[in-house]
Structures are given as C-alpha cells and as structure tokens.
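Accompanying notes for the structure given below.
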Protein chains: 2
Amino acid sequence: MPVTIYDIASKAGVSIATVSRVFNESPRVSPSTRSNVLEVAAQLGYQPHATARSLARRKSSIVSAVIPMLTNYFFVEILRGLQDTLAKTEYDLLVFSARTLDEVDGQMDRALQRGQAAGILVFSSPMTPARVERLSKAKEALVLVDCFHAGLDSVTTNNVEGGNLATKHLLEQGCQRIALLMANPESVPARDRREGYVRALEAAGRAVEENLIVVSADEEHHGYSEKSGYDAMRQLLSVAEPPDGVFATSDVQAIGALRAISEAGLPVPDTIRVVGYDDILISQHVGLTTIRQPMYEMGVVAAKRLLSQVSSPTQVRAQTVLSPSLVVRRTTGGQSELAHTEVAQS
Amino acid sequence: MPVTIYDIASKAGVSIATVSRVFNESPRVSPSTRSNVLEVAAQLGYQPHATARSLARRKSSIVSAVIPMLTNYFFVEILRGLQDTLAKTEYDLLVFSARTLDEVDGQMDRALQRGQAAGILVFSSPMTPARVERLSKAKEALVLVDCFHAGLDSVTTNNVEGGNLATKHLLEQGCQRIALLMANPESVPARDRREGYVRALEAAGRAVEENLIVVSADEEHHGYSEKSGYDAMRQLLSVAEPPDGVFATSDVQAIGALRAISEAGLPVPDTIRVVGYDDILISQHVGLTTIRQPMYEMGVVAAKRLLSQVSSPTQVRAQTVLSPSLVVRRTTGGQSELAHTEVAQS
DNA sequence: ACAAAGAGTGTAAGCGCTTACACGATTAGT
DNA sequence: ACTAATCGTGTAAGCGCTTACACTCTTTGT
C-alpha cells in the first residue's frame with residue numbers, strides 16, 4: 001500500500017538507486033531524470049521512510065533530551081531554544097522527562113537506546129561517576145545542559161557569578177545580615193550559588209555566618225520548593241536577630257520566604273530585602289528581584305553544539321558558560337517594571 | 001564495533017533467530033538457551049538497535065506530539081500526563097512545537113514522516129479541511145488534544161460548560177453587566193467559551209449585550225495575551241457604563257484586565273469581579289478566580305487512546321470530553337486558598 | 001512400537017533505503 | 001582518431017533486526 005522507491009523507480013523507468021539519489025540531492029543525476037522522478041514521486045505522494053533511511057545511513061535524525069522536572073518554566077524555555085534551532089535542520093526532538101533526579105538514569109538509558117538518536121542532551125543532572133561512565137560508554141554525541149563535567153561538552157550558566165551578583169546587590173542595598181536559603185546541597189547549582197554568596201561576602205570583608213545559611217532537607221524538587229523557602233524563612237525569623245537580606249537559590253523558595261515574612265508582618269523591602277534566582281514568570285507579578293538566566297540562548301547554543309558534534313565527531317570539547325543577570329524589582333526596593341503588582345495590592 | 005545479535009549468536013552458539021526470540025520474549029525458547037543468551041548479551045553489553053527493530057517490525061516505538069506554543073503552562077501539564085503514561089510503555093515521545101498556529105502545518109508534516117512514529121497527537125489546532133485531509137491521508141493512529149473534528153479521536157474539555165460555569169458564577173455573585181474578553185474568534189475554544197457565556201446569560205433571562213463583548217484582534221498568541229486583556233479592559237472602562245463582572249477567555253487576558261482595572265483605581269472584587277480561564281500558575285498568586293481544566297488527565301487519556309489505537313487499529317473512534325471546574329478566588333470575593341497573595345500586599 | 005503432535009532451533013527472506021562498485025556512453029585531450 | 005577522464009545509471013550488498021517456514025528431536029497416545 002505505502003509507496004516506496006520501487007514504485008517510483010518502475011513507474012519512472014529508472015532504478016531505485018537513481019530515485020534514492022534524487023532524494024539525497026546527489027549531483028550525479030541528470031536534470032531531466034531528476035525532474036521526471038520528482039514528478040512521479042509527487043504524483044504517487046511518495047514520502048521517504050524515516051526509519052529505513054536512518055538504518056541505511058547508520059545515523060538517526062533524532063536528538064534526545066533528558067529533562068528532569070519538565071514542569072519548570074526554566075526547562076520549557078530552554079526547550080524552546082532547542083526546538084527553534086532544530087526546526088531549521090532535519091533533526092527532530094525526542095523528549096524524556098524525569099519527574100525526579102532518580103528517574104534520570106532510567107530515562108537516560110532509554111534515550112541512549114542504540115540507534116535511536118544521533119545525539120543526546122542531558123539537562124540539570126548531577127554527573128555521578130555512574131552517569132559519566134554510562135554516557136561515555138555510549139559514545140554518542142552529547143551535550144550537558146545546566147550541568148557540568150570536565151571533558152564533556154556542556155552549556156551552563158555561571159551560578160557562582162549569579163550568587164555573587166545577588167549578594168552584592170543586597171550588600172549595595174545596605175543589608176547587614178544576609179541570609180542564604182539553599183536547596184539541597186547535592187544540587188550543584190545550589191552549591192555554586194552559595195559559593196558566589198560566600199565570595200561576595202568575603203570580598204566585602206563580611207564574615208560568613210553559618211547560622212544565616214539554611215540548607216533545605218526537603219525531598220520535593222530537591223529543596224527547590226515554595227515550602228522549603230517558607231520553612232527556612234520561618235526558622236530564620238524565629239531567632240533573636242533576624243536577617244535584613246535574603247538570597248534564595250530559587251524564585252520558588254524566595255516566594256515561600258516572602259510568605260513567611262508577610263505572615264510575620266514584616267515589610268518588604270523596608271525591613272527585609274529578598275532576592276531569588278531564575279526569574280520564573282510569577283516573579284514579575286510578585287515583584288521579586290532575581291537573577292535571570294539566558295534560558296532560550298542555552299537551548300540554542302546546546303542544539304548548535306550537539307549538531308556540530310554530530311557532523312564532526314572529532315570536534316574538540318567545549319564548555320560554554322553563559323552569564324546570568326540581575327533583575328531588580330520591588331523586593332529590593334526597585335521599581336516593578338510591571339504594573340501587575342498593583343493588582344494583588346487591591 | 002557495536003555489538004549485534006550476530007555477535008551474541010556466534011558467541012552463544014545459537015542462531016540469530018534464537019537471539020531475537022529471546023529479546024522478544026518468545027515462548028518458543030528453552031529456558032537454558034534463554035539464560036545462556038541473556039548472559040552472553042549482558043557480558044557483551046548488547047542493546048537492541050531501535051531503528052533496525054522498528055524497520056523489521058514495521059512499526060515504530062515513537063509517538064509524536066504537535067504542540068503550538070509550548071511555552072504555555074497548559075501544554076506542559078498535558079505533556080506531563082502524556083510522558084508519565086508513555087514512560088510505562090515502550091513508547092517514546094517526539095515533540096514538535098510550533099510557535100504559531102501557522103507553523104502547525106509544517107510541523108505536522110514532519111511529524112507525519114512515514115515510518116517515523118506509530119501515532120500522532122495534535123494539540124489545540126483548528127481542524128481546517130486541509131489538515132483533516134492531510135491527517136486522514138496519513139492513516140496513522142491519531143488523537144486530537146484540545147481540538148475536535150467529527151470522526152477523529154479526540155480528548156477535549158468542555159469549553160461551553162467552562163464558559164457557562166464562569167458566567168453563572170458571576171451571575172450568582174450578583175453581577176449585572178458581565179463583559180466577555182475574547183481571544184481571536186478563529187480559536188475554537190474561545191468561541192465555545194463565548195457560547196457558554198451566552199447560554200448562561202440567556203438561561204438567566206439576561207440579554208447579551210454586544211458592546212460588552214470585546215474580541216481581540218491581536219496576532220500574538222491569537223489574542224491569548226496579557227496585552228490583549230489589558231487593551232480590551234481599557235476599552236470597556238472608557239464607556240459610560242462599565243461592566244461589574246468580566247469573564248476572560250484566558251487567565252493571561254484576565255491578568256491584563258486586572259491591571260487595567262487597577263490602573264483605573266477600581267477595587268476588585270468590590271466594583272468589578274473577574275474570572276479567567278486555565279488556572280495557570282500565576283493565578284493562584286494573583287488570587288484569580290478561574291476555570292481549571294484537567295490538563296494532566298488530558299495527557300493521560302490522550303496517551304491511552306493513542307496506544308489503544310496503535311494496538312488495535314480497528315478501534316472505534318471516541319471523543320472524550322472532560323469537564324472543567326470552577327476555582328473561586330479573591331477576584332470574585334472568594335478566599336485565596338493560598339496565603340501567597342499577602343506577599344504582594346506588603 | 002509407531003504415527004502424530006509439539007517443542008526448540010535454524011535458514012532465509014524480507015523491512016525500505018543508501019552507496020560502493022561496475023559499466024556503457026559521452027566528452028575531452030593530444 | 002584513440003585513449004583517458006567524466007557523467008549518468010544500474011546492480012547488488014548491506015544496515016540490524018523479525019518472522020514464516022522447515023527441520024530435527026522428544027513426547028504422547030494407542
């Protein structure tokens with residue numbers, strides 16, 4: 001029933017090799033033959049069979065992305081960059097989403113199915129030795145996105161710089177006691193952001209007070225949750241001398257913290273200033289000062305890197321590090337750039 | 001280099017057919033042979049070649065989803081349902097995202113690549129005759145998600161019911177002049193929601209006032225945008241007798257409307273009550289009353305339908321219609337179920 | 001004890017395409 | 001005018017797997 005190159009070949013009076021050449025834009029076909037074949041093909045409504053093609057070419061036209069917690073706005077934005085870039089090529093995108101970091105290994109195995117994809121992108125997953133081993137063994141084109149491992153291609157943002165930016169901003173705002181609300185320490189970005197926080201304090205000649213750092217032990221989303229921020233903030237507010245500045249390793253945590261602060265009746269930004277991380281959609285509406293990552297660009301760069309690896313496997317490895325930027329809003333005394341906030345003030 | 005069934009066959013002293021049978025759980029293999037083969041395979045680190053398998057089986061283990069405007073929280077949620085359901089099967093998910101509805105056709109063509117996928121899901125795209133034609137010609141398993149066409153499998157929510165719920169709620173709240181902020185009329189869901197609005201008014205014996213209905217002509221996101229809602233609301237507020245209730249066909253529009261209302265200095269919900277549609281994440285924080293669609297379930301149901309079509313092609317067509325539900329929040333006088341809102345009240 | 005049935009395995013023919021190699025027909029070079 | 005290079009095309013061998021069919025042993029029934 002489905003039409004194959006054989007049907008075209010016989011109807012056009014040529015061999016299947018010639019038909020194949022036409023569809024592969026081979027220069028070794030005479031113009032007349034080409035147009036003849038094309039015409040017959042159009043007439044029959046021919047479409048190349050994707051799978052057969054991949055098999056014969058020994059190369060798939062699919063790229064796989066392993067993404068934990070797809071719900072995150074963060075990933076969706078990166079995905080957009082990816083998609084927009086891939087759409088211009090012949091590659092399609094297979095998405096493997098993991099609900100938790102533990103599911104990543106399973107999804108990675110699926111994504112690494114031999115013959116399935118020409119390359120694979122792994123998002124935001126800590127590079128455990130087992131994973132590195134598994135990934136290198138597969139010998140497939142690979143780009144890490146938002147995570148890092150020496151010797152592997154990666155696209156990340158500079159979390160140390162981000163933590164630094166956030167903390168420096170709070171310092172400049174005159175904060176004296178700056179707390180850190182941290183997600184699970186097994187999260188590398190969280191650790192890096194803390195590193196930036198520590199460096200900023202030290203650069204300013206301030207001591208790092210351990211009791212101002214609250215590390216989440218929440219399982220859910222590895223501590224990147226509203227509840228985690230809320231709980232941490234409650235804890236900070238219960239001590240004798242509460243902080244006057246808070247840097248949370250994510251916006252959701254910051255929003256939780258804001259809730260705790262609001263419940264305690266303390267004014268933001270007057271008594272306490274708050275900075276988050278990510279610039280998720282809500283942040284605009286809440287007026288949360290935050291660190292924004294160039295998500296869309298990450299997707300674009302990652303796709304390009306992967307494609308260039310696919311086309312020239314000998315490619316040197318490269319680590320691309322993009323810089324985050326500070327977005328000042330109401331929670332640190334900035335002007336909300338969006339009138340939205342008023343909405344909720346009614 | 002890569003290990004194939006031939007390698008296993010020779011090392012295990014059996015034929016490739018037997019190896020294949022082992023990996024296809026055929027019952028016609030003796031237990032001893034099976035375990036022997038399995039052992040050799042493990043030793044060699046064998047992995048079946050996905051593409052070769054698909055070709056030989058004449059059936060892909062991939063499912064494609066064509067999604068316009070993936071950025072929407074709505075789609076991401078459905079995707080989650082899809083993924084979670086597919087993850088339990090052997091199927092993987094190929095995602096084709098279109099930035100606009102016009103790009104849908106192109107992505108649909110890619111998704112319909114012969115041999116690529118075992119089935120395809122098309123999201124929220126108006127079923128033009130050309131599309132219906134294209135989709136039926138492909139003869140692939142197909143499920144429409146959030147869109148509808150007689151004779152095709154589909155999973156939708158009842159938008160008429162949703163519009164009705166929203167409007168009835170406003171009526172019950174005592175609103176006398178209920179405006180409708182509508183997205184582009186070429187969007188079927190928008191039209192259906194209007195239908196529900198109209199019916200609710202008529203059921204209550206109210207007249208439908210055309211000048212209370214503002215239809216967006218915005219290109220961006222087909223009128224499902226913050227700006228569209230803002231502009232429409234401004235227009236409504238500029239007339240002699242402004243509405244005391246507003247139903248917007250999406251939350252983003254409602255949020256734009258709230259901004260306009262807030263700028264005009266009118267209190268919500270006291271003077272104007274607002275209901276949106278979708279229940280996106282921000283809505284909780286803004287305290288927006290809205291109509292919630294069972295997004296995750298849609299994904300689950302769609303995946304199940306598609307899989308059952310794939311396994312039994314003679315399957316009768318079915319249209320699944322899920323019911324939306326009303327979520328009452330601050331903008332119609334309800335209690336915010338989340339303390340979050342206070343955050344922004346500081 | 002002998003045919004019939006069944007279990008376990010192998011042989012080989014695809015699946016729909018790509019591509020190395022071979023071959024005849026031009027065209028170019030001298 | 002004759003060899004060499006070039007062009008356009010066909011032949012056939014895969015790509016790595018599945019599966020119909022055939023075949024050889026065991027079982028089982030009588």
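A note on names: the letters A, B, ... follow the listed sequences, proteins ahead of strands, and every chain is numbered from 1.
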Validation: residues 52-59 of chain A side-chain donor-acceptor distances under 3.5 Å, sequence neighbours left out:
from, atom 1, to, atom 2, distance (Å)
A:S54, OG, A:A50, O, 3.2
A:R57, NH2, A:N24, OD1, 2.9
A:R58, NE, A:A56, O, 3.3
A:R58, NH2, A:A56, O, 3.1
A:K59, NZ, A:Y91, OH, 3.3

In residues 34-46 of chain B, what donor-acceptor pairs under 3.5 Å come from side-chain atoms, sequence neighbours left out?
from, atom 1, to, atom 2, distance (Å)
B:R34, NH2, B:S26, O, 2.9
B:S35, OG, B:S32, O, 3.1

* Asked: NZ/A:K139 to CZ/A:R114 distance, rounded to the nearest 0.5 angstrom?
  -> 14.0 Å
* Asked: Roughly how far, to the nearest 0.5 Å, is CE of A:M295 from CD1 of A:I78?
  -> 8.0 Å
* Structure fact -> Note: for B:R57 and B:A17 on DNA chain C, the residue whose nearest nucleotide lies more 5' is B:A17
* To do: Tell me which of A:S20 and B:R58 sits closer to the 5' end of DNA chain C, going by the nucleotide each one is nearest to.
  => B:R58
Donor-acceptor contacts under 3.5 Å from residues 120-133 of chain B side chains, at least two apart:
from, atom 1, to, atom 2, distance (Å)
B:S124, OG, B:D146, OD2, 2.7
B:S125, OG, B:F123, O, 2.7
B:T128, OG1, B:R131, N, 3.2
B:R131, NE, B:D105, OD1, 2.9
B:R131, NH1, B:P126, O, 2.7
B:R131, NH2, B:L101, O, 3.1
B:R131, NH2, B:D105, OD2, 3.0

Polar atoms only, N or O, under 3.5 Å: list the protein pairs with nucleotides 7-9 of chain C and their distances.
from, atom 1, to, atom 2, distance (Å)
C:dT9, OP1, B:S30, OG, 3.4
C:dT9, OP1, B:T33, OG1, 2.4
C:dT9, OP2, B:S30, N, 3.0
C:dT9, OP2, B:S30, OG, 3.4
C:dT9, OP2, B:T33, OG1, 3.0

* Derivation of the side chain to side chain donor-acceptor pair (under 3.5 Å) call for B:Q293 and B:T157 -> CA-CA 7 Å; B:Q293 311 187 61; B:T157 55; 2.6 Å; yes
* For A:S187, enumerate each residue passing the side chain to side chain donor-acceptor pair (under 3.5 Å) test, keeping only those at least two apart in sequence or located in another chain. => A:Y224
* Across the strands shown, which category fits A:Y6 at heavy-atom distances under 4.0 angstrom: base, sugar-phosphate, nothing? -> base
* To do: Give the first and the last nucleotide of DNA chain D, reading 5' to 3', that has any atom under 4.0 Å from a heavy atom of chain A.
  => D:dG8 to D:dC17
* Assess the side chains of B:R317 and B:Q309: does a donor N or O sit below 3.5 Å from an acceptor N or O? => yes
